[in-house]
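Reviewing the structure listed below.
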Amino acid sequence: MIRVLFPWLAVARAAEAEDALRVTADRIVVEANEATGDGNVHTRLGASDLTADRFRLDLTGGSLVLEGASFSPCVCPDGRPEPWSLSARRVHLTLGRRATFRGGLVRVRGCPVLPVPVGAIPLGPRRSGPRVPELAWTPDGPEIGEPVGLVLSKDVDLTIEPIWRRGRGFRLSTETRAALSDQGGLVLGGEGGWDARVGKLRGAARGQLSWARDGVRAAGEGEWISDASWPRDFGGDFLGRQLPFREIRAVAGVGSARLEHDGFQDPSGTEQRLVALVLSRPADGPTPLASWQQLSLAAVGQGDAPNEVDAIRAGAGAGVVAGRRIGFLETEAEAGIEAETLRDLEGSPPQGLGRLFARTRATLPLWRDGRSGRTILKPSLALEANAWGVVGEVETPPSLCAGPRLEAIRVEPGGMPLRVLLDLPVSEDGFAPEARAWARTGPWSANLALAGWPGAPTGNPYLGAGARWDDGVKEIDLQAIHLDVAPKFDQVWAHAAWTLPVRGDRWRPGARVRWSLASGSIVEVAGSMSFHSGCGCLDVRLEAAWAEDREGPDLRLALDLF
C-alpha cells in the first residue's frame with residue numbers, strides 16, 4: 001500500500017486573530033484608503049511571523065494582500081531555522097476571519113515537497129471545512145479519500161471522510177473525539193460501505209471511553225468487525241490483520257452499583273455477550289476486621305443474533321477480611337462464600353455453583369537505604385473449594401484448588417523497575433501456573449507472561465516474552481508470542497532503529513522482521529526512515545514492507561505538519 005497522508009495544515013488551529021494588526025516594511029506608502037509597502041515585509045499570523053515581498057492594506061475593509069509570502073507556524077528555539085514552511089504567490093488575509101492563498105508550496109528545510117495550488121488558513125478558533133485529500137495505493141489499486149472536519153463545540157471534533165477504492169467502490173469513514181473531563185475522553189470511529197467485489201455491506205467500528213465525576217464513572221474499549229476477512233482486506237497493521245478475535249468491554253458505575261458488558265467476537269463471527277449488574281460494598285480495610293458483600297444479575301448471550309439473550313445468571317457473595325501488623329510484617333486473611341445459578345432460557349435444567357475460599361497474605365517490606373530503594377515481598381497462600389451441582393440427573397463432584405502466590409515489587413526512587421507475580425495453583429485436574437513479570441533498568445526492559453500449561457484446566461496456554469533496549473539513540477526490540485487459539489497465533493518479531501542527529505533534529509532508519517513459530521517462516525520484512533524535528537512541528541515517515549498476507553509490497557509515506 002502506498003499511502004500519502006497530508007493532514008490539513010495545522011496552522012489552521014494555531015492561528016489566532018488579534019485585534020491589532022502590525023505590518024512593517026522597508027518602504028510604506030499611505031494614501032486615503034490604502035497602504036502599500038515592499039521590502040522585508042513582516043506581519044503577525046497567530047504566534048509566528050509571516051514574511052512577504054510586497055503588501056497592500058485596505059484601511060476601510062480590513063483586508064491585507066501579500067505577494068511572495070512565506071509562513072511557518074513553528075517557533076523553534078535557539079534561532080534554528082523552521083523545519084517546514086508554506087510559501088505562496090499571493091495571500092489574501094481578511095482580518096479576524098481567514099487567509100486564502102494561491103500558488104502555495106510546502107517546503108521542508110527549504111526544499112519544495114508538496115504543491116498546494118489553493119488553500120485557506122482560518123484565523124481564530126478552529127473552523128469546520130475540508131482537509132487535504134488522502135491518497136493511497138492498496139492491493140486493489142488506487143484509493144482516494146476526502147476528509148471533512150466539523151467543529152461541533154470547544155471540546156468535540158467530528159471527521160467525516162468518503163473513500164473510493166478501485167474494484168470495491170465507496171465507503172464512509174467517521175471519527176469523533178471529545179474531551180469529557182480533566183483526565184477523560186471519548187474516541188469513536190469506524191468505516192463501512194458496500195463492497196462491490198464481494199457484493200455485500202462491510203465495515204468496522206472502534207472506540208475508547210474514560211470518564212468520572214462526583215461518584216459516577218464509566219470506561220470502555222473495544223473493536224467490532226462485520227466479518228473475519230475485513231482486517232485482511234482493509235487493515236493497515238500486520239498484527240491487527242492477524243488478531244484472531246475482537247472484544248468489547250465496558251463498565252459504568254454509580255456508588256456501589258456498576259453495569260458491566262463483555263462481548264467477544266471470534267473469527268467465525270460468533271459473538272459471546274455478558275451484561276451484568278453488580279451491587280457491591282467493598283471492605284473498608286483489613287484492620288482489624290471488615291466485611292464485604294456483592295450481588296449480581298447478568299444476561300448471557302451467545303450466537304449471531306445481536307440482541308439475543310440465551311441465559312440469566314444470578315449470584316451473591318459475602319466475606320470478611322482481617323489484618324494485623326506484627327512489627328514490620330503486615331498480615332492479612334480473607335474468607336468468603338459465593339453462590340451462583342445459571343438459568344438457560346432454551347429449556348435446559350438450571351445449574352448451580354458454590355465456592356468457599358480462603359486466602360492469607362504476609363507483606364514483608366525489605367528496606368534498604370533511600371538511594372537504592374526497597375523491595376517488597378508479598379507471599380500468600382490460597383485455598384478454594386468449589387461445589388458444583390446441576391439440578392437434574394447429572395451431578396459434578398466438588399473440587400479443591402490450593403497453591404501459593406508470590407508478588408515481589410522492587411521500588412526505586414525514580415520509579416518501579418521490577419514487578420513479579422507468580423501463581424502456582426494445584427487442583428485434582430493438574431498443575432496450572434500463571435506468571436507475569438516486568439523489569440527495567442537503565443535502557444533495558446523485559447517482560448514475561450505465562451498462563452497455563454497445555455492440557456491445564458485453565459484452558460488454552462499463553463506465553464509471551466520480550467526484551468527491549470532504548471537509550472534514546474539505539475532501539476532494539478525482540479518479542480515472542482504463543483497463543484493456542486484457532487487459528488494459532490505464534491510469532492517472533494524484532495525491530496531495530498538508529499537515530500542519526502542532523503542539525504539538532506533526528507533522522508531514524510529502522511528495520512523490522514516477523515517470524516512465525518507455527519509455520520517456521522518469515523511473515524513480514526520492513527524497512528523505514530523517519531524524521532522528527534527537534535521542536536516537534538514536523539514528522540516524516542517512509543516505510544516499505546512485505547507481508548505474506550499481501551499480494552504485493554506495502555509502501556507508506558506520511559508527512560505530518562504540526
Identify the heavy atoms of [X] and [Y] that sit nearest to each other, and give their distance.
X: R217; Y: A257; value: NH2-O, 3.9 Å
X: A465; Y: L448; value: CB-CD1, 4.0 Å
X: I225; Y: W230; value: CG2-CD1, 4.0 Å
X: A467; Y: D477; value: O-OD1, 3.3 Å
X: L209; Y: A218; value: CD2-CB, 4.1 Å
X: V278; Y: S296; value: CG2-CB, 4.0 Å

Given side chains that start at C-beta, do those of [X] and [Y] come closer than 4.5 Å, heavy atoms only?
X: V492; Y: L478; value: yes
X: D310; Y: V300; value: no
X: E260; Y: R249; value: no
X: V523; Y: D549; value: no
X: T176; Y: L186; value: no
X: I248; Y: W224; value: yes
X: E223; Y: P231; value: no
X: D157; Y: V151; value: yes

Open item on the list: With salt bridge (Lys or Arg N to Asp or Glu O under 4.0 Å) as the test, pick out the partner of D140 among R232, R166, R197.
Closed with: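 Of R232, R166, R197, salt bridge (Lys or Arg N to Asp or Glu O under 4.0 Å) with D140 is met by R197 alone.
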Open item on the list: Going by salt bridge (Lys or Arg N to Asp or Glu O under 4.0 Å), E191 matches just one of R165, R171, R202. Which one?
Closed with: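 So the option named by the test is R171.
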Task: Rounded distance [0.5 Å steps], CG in D195 versus CZ in F234 - done: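 Separation between the atoms: 4.5 Å.
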Task: Side chain R177, main chain D155, donor-acceptor under 3.5 Å - done: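 Looks like no, no N/O pair under 3.5 Å.
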- [ ] Say whether, by atom type as modelled, one donor and one acceptor occur between the side chain of S445 and the main chain of R440 under 3.5 angstrom.
- [x]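 Such a contact is absent between S445 side chain and R440 backbone.
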Got a sec: does the [atom1] of [X] have more than 12 other heavy atoms crowding it under 6.0 Å?
X: W469; atom1: CH2; value: yes
X: E338; atom1: CD; value: yes
X: I522; atom1: CD1; value: no
X: R508; atom1: CZ; value: yes

Open item on the list: side chain to side chain contact (heavy atoms under 4.5 Å, CB included), that's the test. Do R168 and F170 meet it? Break it down for me.
Closed with: CA-CA 7 Å; R168 294 191 181 272; F170 285 93; over 6 Å; no
TODO: Take N447 and Q479 through the test side chain to side chain contact (heavy atoms under 4.5 Å, CB included) and record every step on the way to the result.
DONE: CA-CA 9 Å; N447 60 83; Q479 301 288 335; 3.6 Å; yes
- [ ] Indicate yes or no: does E221 engage R206 in a salt bridge with an N to O separation below 4.0 Å.
- [x]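 No, this pair does not count.
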